[in-house]
Visitor: 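Okay, here's the structure, questions in a sec.
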2 protein chains.
Amino acid sequence: MATLAISIPALRTRCSNCSLRELCLPVGLVPAALAALEAGVQALERRRKGTMLFRVADPFTALYAVRVGSFKTTILAESGREQVVGYHLPGDLLGLDGIGTERHGCSAIALEDSEVCPIPFANLEEIARTVPALQHNLCQFVAREISHDHGVMLLLGSRRADERLASFLVSLSARYFSRGYSSTEFTLRMTREEIGSYLGLSLETVSRLFSRFQVDGVLEVDGRNVRIRDMPALRLLAGRDA
Amino acid sequence: MATLAISIPALRTRCSNCSLRELCLPVGLVPAALAALEAGVQALERRRKGTMLFRVADPFTALYAVRVGSFKTTILAESGREQVVGYHLPGDLLGLDGIGTERHGCSAIALEDSEVCPIPFANLEEIARTVPALQHNLCQFVAREISHDHGVMLLLGSRRADERLASFLVSLSARYFSRGYSSTEFTLRMTREEIGSYLGLSLETVSRLFSRFQVDGVLEVDGRNVRIRDMPALRLLAGRDA
DNA sequence: CGACTAGTTGAGGCCAGTCAATGTTGGTGG
DNA sequence: CCACCAACATTGACTGGCCTCAACTAGTCG
């Protein structure tokens, strides 16, 4: 293609004009710091739907910022059973748990054709040495993941099935909203089985709940297209305890 | 007071001779870095059984290294329901999730009379700027917490009650062992209700399981004193899937 | 068109929660 | 010292929410 000469430089990551700047690692960095970060970030990488970005026990070399598309992260029990532990949208950072052990603790799989910015971790630490704000941001990102996981643990440990699904949808709604999309209408990128795995439920239970929510007038569901019709009711369900 | 002049230096934290050095933040630091870390660490703080070290939404100012005793960390659902999300032994770092939000995301409560080393976070970041190894260690600690939480999520999402309790005991056994204590005989510092809350089970179920494990010859249980009689069986139970 | 994947819905069973009674332990005050 | 109380723990009976198994439909792809 004649456009290739243009598209290659376009492929280079430019944190400074990235639309996700405010959601990603560069949050609040001054221009000089941004430039340093950019210098360490390589070209975008594409991943087709269903392919792996990294897998459990792979050596940890880089973090990945989701640019376009979405990913699930999964962990593997010794038994071979797999569980979804995360659902990642544009602006999210992937692979944070690898920092602790030098190896990835989970696998990341593209849920649709997607693009990520690989951020080599050695570079990142190097830059963080001279840019305290980046060091701070990095730690914050990692720590925020802990808070998030605690929320999921609360969900899995003490909520009923309908409350879990409601929480999942409310949280998803908020995440789409913060990315500039509709908070009431979106397309799920995961199967019922994957949602069930994430929420500690069987796929049949998830399916039944979608039906029930629709009958109750809380949702409009058409396959993976979801429209929230009664947000207060959904919030109530998500926030109440068992 | 004449003794005060003596007791104050005694109370000062000395990472360099701390018996927990290999489990705590100073892991692998060179002497010069250790000295810098020490300089920022304040006097030990004591907490009586049942008292709080910090509570949800408190401003985050410091990390705490457990020196003696044990703590539970709990989070609060909007409904007021409380769930235990962590069980912390000597050498563990408390409060990591506060880094992300400037406020503590959970409460820490002493399960027995305990002592902690408060590590002011502002100091820590300052030191980390000049001691890259410390910056690296800090990030690693935070990230390892994520891996740990993922393990708990797997437990809560896809394991049966007996598998959860077995996993809890195996993990506890390993943690005591790495601290130089017996891996087969220890005293639980949590009530059945707290264990249940951590594992997403009712206190009655936990109690019944302890009884069943005893009947099966896997454990010897006397209140909170536990002796593991058949470690392979316990591991088998912990590692198998539902 | 057949094979396959994803999703929906029904029937039945079991695991674990709830409710309740009782036992045990440790602390407190008369 | 003992009575009393509260917190913790154990055990039984019952129930119900969710899982499992299974059948059927719709959409997709070679």
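So you know, we letter chains A, B, ... as the sequences are listed, proteins then strands, and number each from 1.
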Visitor: Students often get this wrong, so: under 4.0 angstrom with heavy atoms, is A:Gly200 touching a base, only sugar-phosphate, or nothing?
Guide: sugar-phosphate
Visitor: From NZ of B:Lys49 over to P of C:dG26, roughly how many Å is that when rounded to an integer?
Guide: 10 Å
Visitor: Can you tell me how far CG of A:Leu53 sits from CD of A:Glu45, rounded to the nearest 0.5 angstrom?
Guide: 7.0 Å
Visitor: To the nearest Å, how far apart are B:Leu201 CG and C:dT18 P?
Guide: 11 Å
Visitor: In this structure, how many angstroms lie between the C1' atom of C:dG23 and the CG atom of B:Asp222, rounded?
Guide: 14 Å
Visitor: When you check every protein heavy atom under 4.0 Å of nucleotides 4-10 of chain C, what one-letter string (B, S, -) results, 5' to 3'?
Guide: --SSBBB
Visitor: Just jot down the side-chain hydrogen bond (donor to acceptor under 3.5 Å, both in side chains) partners of B:Glu112, sequence neighbours excluded, or say none.
Guide: B:Ser70, B:Arg189
Visitor: Please tabulate, one pair per line, each protein N/O and nucleotide N/O from nucleotides 28-30 of chain D that are separated by under 3.5 Å, including the distance.
Guide:
none

Visitor: Please work out whether the ring planes of A:His104 and A:Phe60 are parallel, tilted or perpendicular, with thresholds of 30° and 60°.
Guide: perpendicular
Visitor: Tell me: CG of B:Asp162 to C1' of C:dC14, nearest whole Å?
Guide: 13 Å
Visitor: Between C:dA16 atom P and A:Leu156 atom CG, what is the distance in whole Å?
Guide: 15 Å
Visitor: What about B:Tyr64 and B:Phe54, are their ring centers closer than 6.0 Å?
Guide: yes
Visitor: Would you give the length of the straight line joining atom CG of B:Leu172 to atom OH of B:Tyr181, rounded to the nearest 0.5 angstrom?
Guide: 12.5 Å
Visitor: What is the distance from CZ of A:Arg160 to P of C:dC15, rounded to the nearest Å?
Guide: 22 Å
Visitor: At their closest point, which heavy atom of B:Val84 faces which heavy atom of B:Glu194, and how far apart are they?
Guide: CG2-O, 3.8 Å
Visitor: So which of B:Arg48, B:Arg47, B:Lys49 actually passes salt bridge (Lys or Arg N to Asp or Glu O under 4.0 Å) with B:Asp113?
Guide: B:Arg48
Visitor: Using C1' atoms of five pairs at each end, report the bend of the helix from C:dC1-D:dG30 to C:dG30-D:dC1 rounded to 10 degrees.
Guide: 40°
Visitor: In whole Å, I'd like the distance from the CZ atom of A:Arg212 to the C1' atom of D:dG17.
Guide: 11 Å
Visitor: Charged N to carboxylate O under 4.0 angstrom, B:Glu220 versus B:Arg227?
Guide: yes
Visitor: For B:Arg224, give me all partners under salt bridge (charged side-chain N to carboxylate O under 4.0 Å, His left out), at least two apart in sequence or on another chain.
Guide: none
Visitor: What side-chain hydrogen bond (donor to acceptor under 3.5 Å, both in side chains) pairs are there with at least one residue in residues 208-217 of chain A, not counting sequence neighbours?
Guide: A:Asp162-A:Arg212
Visitor: Atom CG of A:Leu199 and atom CZ of A:Arg164: how far apart are they, to the nearest 0.5 Å?
Guide: 7.5 Å
Visitor: What integer distance in Å separates B:Ile195:CD1 from D:dT10:C1'?
Guide: 14 Å
